[in-house]
Amino acid sequence: MSENYIGYKSGADYAGAEDLIEKEWDYLQQNRPDFDRTNIKAVALSGGGIRSASFCLGVVQGLAAKDKLKKFDYLSTVSGGGYIGGALSWLWSDLWKEKDSQSKSFGVGPGDFPYGTEGRNFNAIDPQANRNQASLLRHLRQNGKYLTPGHGISVLSLVSIVLRSIVMGFVTLMAIASFIFALFYASGIFIPKKPEAEFFWGIAGVSILLGYLGLHFLYMIVLARLKHTSNSKRGYQLRRLFETILPWPLIIALLCYLFASIHWVQVSLSEYDSASALQVGSGSALIGALFGAIGKQSSWRKYLSLIPYSLQLILAAALMIFGMLVLADYGVAQMIATEDYTYLYSTGLAALFVILLAYVLPINNISIHRYYRDRLMETFMPDVEKVIHGKKAFEAEVANSVPMHEIKLNKENPVPYHLINTNIILVESEIAKFRGRGGDNFILSSQYSGSNATGWRKTEEFCDGHITLPTAVAVSGAAANPDAGVAGRGLTTNVIVSVLMSIFNLRLGYWTSNPDPGSQSEQGKIPSYLIPGFWEMLRRNKMNETAEFVQLSDGGHFENLALYELFRRKARLIIVCDAGADKNYEFGDLANAIEKARVDFGVTVDISRNDLKKLTPETTPGQQEMDYPVADQSFLLSRVHYNDDEAEAEPAWLIYIKTTLTKNVGADIHGYKRVNPTFPDQTTADQFFDEVQLEAYRELGWQIAHDMMNDEKIKPLL
């Protein structure tokens with residue numbers, strides 16, 4: 001086992017991470033005096049954007065108020081839960097302190113928890129701590145609209161960043177496509193103003209298809225001659241070879257027909273009207289964008305009701321790509337029409353310039369990820385000294401440059417060890433499990449970072465130690481990303497939609513070096529806009545665990561409750577906050593977490609349908625005075641069974657907390673519910689919380705936590 005890299009060990013305990021966890025537990029024993037690897041306690045904070053961050057803050061405040069948080073060894077977060085988890089790790093770290101600072105450190109107890117322990121009554125013993133806690137909570141409440149915080153950064157700033165990505169992608173695609181079409185014209189394959197040119201492509205496509213059929217015929221002849229050895233090694237290898245090369249004639253034929261249709265559309269429209277090709281090319285791209293932008297609830301949707309919504313967006317993406325290629329062909333044809341015979345050199349130089357520029361531009365710095373990351377950092381990891389001393393805290397210069405590996409534990413201040421969960425995109429993995437799921441759980445922590453698929457590298461060495469806490473939190477919450485979707489499913493996993501998103505660099509995810517030394521990845525090498533960005537979009541076979549660069553996205557794309565790694569570590573008590581949007585109370589995130597734990601670790605959880613009904617709002621005779629359905633309770637206590645548990649072993653427990661309303665929550669929360677009927681499951685697309693909205697979720701979490709800790713069955717476990 002290398003000191004800086006730990007590989008997946010097939011057949012080992014802890015699902016191949018035995019060596020990793022041994023190192024991790026050694027570190028915890030050195031820095032948490034009461035750490036007991038046979039009795040691990042953990043808190044898991046789910047995804048759900050700013051809604052989850054607000055609710056989970058209330059729950060953690062409740063634990064700190066009763067002085068229970070110090071007993072928990074792990075804090076596992078994903079997506080929105082990582083917002084507040086990252087904030088706590090930052091505030092606990094002391095790295096925010098200025099030189100010669102007199103500010104007191106934050107901890108996990110009722111007197112020193114960073115945001116206070118109730119949100120209303122702070123530490124009455126220490127007035128200075130009271131002011132510090134109140135200042136930090138006020139900063140959070142007033143910056144719930146973190147994407148558009150003001151002070152020069154507005155909605156137009158966000159729109160401008162998105163437009164920059166779209167324009168860069170458009171220019172890159174047009175430059176490269178124009179040069180390819182120029183080569184077609186120079187070689188005579190395309191002929192300006194003559195639709196007969198695409199006849200060649202049609203003949204080529206037909207010829208390839210005939211060759212495809214001929215290949216089948218040849219295979220059958222050979223197979224007939226091998227009929228007596230059909231079960232031999234030679235016959236099996238022949239079948240494998242044939243089935244491997246079989247798709248390529250179809251792919252080439254489809255490309256022929258695609259180019260033929262592009263040129264036919266462009267030439268035919270140009271013959272009708274010289275501006276028609278330009279209008280149709282740009283129009284189809286714009287119509288595709290509009291087609292995809294029509295919301296599900298839009299009045300226009302009724303005219304498209306016969307086509308499934310997901311298919312509409314796929315068609316929209318295909319239409320946009322086709323329209324842009326028609327525009328590229330039209331541009332080259334116009335250059336030829338003006339008798340500018342330097343078109344080949346012009347398009348070649350343009351393509352060369354764009355490629356060289358794309359090669360040197362760092363993709364992570366010019367994507368939407370960077371904007372998203374900076375806004376999260378300013379709200380959840382601010383310059384603390386400025387906040388607590390009443391100064392302007394619009395920026396976060398300190399957290400911006402502190403590497404993740406410097407967020408270390410301190411035995412004098414026993415805070416939980418933070419695991420930040422992300423998803424490594426593996427849609428072209430050589431391993432069926434990863435390919436089917438679309439990825440694997442990839443952790444970022446102060447000690448090691450990686451996954452089963454890649455192994456785990458020392459975080460100080462991973463990406464040359466440049467991963468910061470704000471970057472890790474933003475990656476964990478990168479919900480919108482090509483080739484990634486919740487539990488490996490969803491519209492953005494579609495190839496056409498993903499290619500379009502990649503062209504426009506519409507991604508919140510993050511490209512990193514592969515932790516696996518076998519990938520020959522240089523940890524200090526910076527991923528560029530060309531490689532892996534634009535090139536990997538075209539060369540999709542490298543989106544796997546062997547690639548030099550790998551792409552990380554929202555941890556919820558793998559598992560959205562942050563339970564996976566805690567089950568792997570066989571925690572004996574887990575408190576999990578489920579704050580994902582689930583207005584129909586389908587409990588999809590819980591089902592996904594339990595399924596993956598059972599399949600990968602042999603772990604089972606005793607939660608029945610009747611248990612979940614207690615968390616589901618419904619109208620009963622005893623609730624008729626309410627204006628809306630409410631649930632019997634907001635939390636469950638369930639037994640967890642690890643596959644190697646012995647009969648005499650201490651039982652393991654899961655406390656599952658759900659964002660749901662009961663009769664007993666405060667009148668102010670019920671008042672907010674009456675004005676906002678979708679509370680507490682307002683859409684995750686709403687990342688613009690005002691003070692009232694943020695406080696409603698925080699207070700709901702705080703009250704549920706106190707009810708949970710007063711439960712007679714749960715009290716002994718805490």
Side-chain angles (χ1 to χ4, degrees), residues 43 45-61 64 75-96 106 113-116 119 132-151 153 369-388 393-402 404 407 415-416 418-422 444 446 467-479 508 554-555 562 577 579 684 687-691 693-695 697-698 701:
V43 176
L45 307 182
S46 80
I50 188 70
R51 177 190 61 249
S52 178
S54 308
F55 177 79
C56 292
L57 170 60
V59 173
V60 178
Q61 277 182 309
L75 174 65
S76 181
T77 66
V78 62
S79 198
Y83 298 179
I84 197 62
L88 292 173
S89 287
W90 174 241
L91 295 168
W92 286 330
S93 71
D94 278 353
L95 295 172
W96 51 268
F106 295 111
F113 187 75
Y115 296 102
N132 293 351
Q133 294 164 329
S135 296
L136 286 168
L137 186 57
R138 182 169 58 250
H139 174 82
L140 205 58
R141 283 171 172 158
Q142 294 175 355
N143 288 279
K145 299 179 181 180
Y146 66 93
L147 289 174
T148 55
H151 313 295
I153 298 181
H369 159 84
R370 183 58 58 172
Y371 178 92
Y372 174 58
R373 177 252 192 206
D374 289 349
R375 301 294 81 77
L376 282 175
M377 176 180 66
E378 290 159 2
T379 295
F380 293 95
M381 287 156 270
D383 290 340
V384 181
E385 297 276 11
K386 293 180 180 178
V387 174
I388 63 180
F394 306 146
E395 300 175 349
E397 295 180 350
V398 182
N400 181 59
S401 56
V402 175
M404 180 79 184
I407 310 290
V415 303
H418 193 181
L419 297 176
I420 299 176
N421 296 273
T422 73
L444 296 169
S446 64
I467 299 292
T468 62
L469 181 61
T471 296
V473 169
V475 172
S476 180
L508 292 175
D554 193 315
C577 302
T684 309
Q687 294 294 296
F688 303 90
F689 274 29
D690 58 21
E691 180 179 329
Q693 189 175 12
L694 190 149
E695 182 62 14
Y697 282 97
R698 189 209 63 78

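Keep in mind that this is a model prediction, so the values were computed, not measured.
The two atoms that bring S76 and A562 nearest to each other are OG-O, 2.8 Å, heavy atoms only. Pairing each heavy atom of P382 with each of A396, the nearest pair is CA-CB, 4.1 Å. Between I420 and S476, the shortest heavy-atom contact is CG2-CB, 3.6 Å.
Residue pairs meeting the side chain to side chain donor-acceptor pair (under 3.5 Å) criterion with at least one member in residues 80-93, sequence neighbours excluded, are Y83-Y146, Y83-Y372, S89-H418.
Exactly one of T684, T422, N421, D554 qualifies for a side-chain hydrogen bond (donor to acceptor under 3.5 Å, both in side chains) with S79. That residue is D554.
Within the 4.5 Å cutoff, the side chain of L57 has heavy atoms near those of the L137 side chain. Looking at V402 and T468, their side chains never come closer than 4.5 Å, going by heavy atoms from C-beta outward. Under the 4.5 Å side-chain criterion, counting only non-hydrogen atoms from C-beta, P114 is in contact with L88. Taking the side chain as every heavy atom from C-beta outward, F394 and P149 never approach each other to under 4.5 Å. Residues V60 and I84 form no side-chain contact, since every pair of their non-hydrogen atoms from C-beta on lies 4.5 Å or further apart. A heavy-atom distance below 4.5 Å is found between the side chains of I153 and R375. Between L136 and V384, the closest side-chain pair of non-hydrogen atoms falls below 4.5 Å.
In this structure, the salt bridge (charged side-chain N to carboxylate O under 4.0 Å, His left out) partners of K386, at least two apart in sequence or on a different chain, are D383. For R51, the salt bridge (charged side-chain N to carboxylate O under 4.0 Å, His left out) criterion is met by no residue, not counting sequence neighbours.
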For this session: Go through the steps for V473 and F380 under the test side chain to side chain contact (heavy atoms under 4.5 Å, CB included), then give the verdict.
Result: CA-CA 10 Å; V473 169; F380 293 95; over 6 Å; no
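At least one donor-acceptor pair closer than 3.5 Å links the side chain of Y371 to the backbone N or O of L147. A donor-acceptor pair is defined here as one N or O able to donate and one able to accept, closer than 3.5 Å; such a pair exists between the side chain of S52 and the backbone of S46. A donor-acceptor contact shorter than 3.5 Å links the side chain of S54 to the backbone of I50. Judged by distance alone, with hydrogens and angles left aside, the side-chain atoms of E695 form no donor-acceptor pair with the main-chain N or O of R141 at under 3.5 Å.
When only modelled atom types and interatomic distance are considered, N400 and R373 share a side-chain donor-acceptor pair under 3.5 Å.
Residue M381 holds its CE atom at 5.0 Å from CG of L469, rounded to the nearest 0.5 Å. Expressed to the nearest 0.5 Å, how far CZ of F106 lies from CD of Q133 amounts to 7.0 Å. One distance of note links OG1 of T471 with NE2 of H369; it measures 5.0 Å at 0.5 Å rounding. Separating the CG atom in L75 from the CG atom in L45 is a distance of 5.0 Å, to the nearest 0.5 Å. In this structure, F113 CZ and Q61 CD are separated by 6.0 Å, a value rounded to the nearest 0.5 Å.
Open room surrounds CD on E395; 12 or fewer heavy atoms of other groups in view lie less than 6.0 Å from it.
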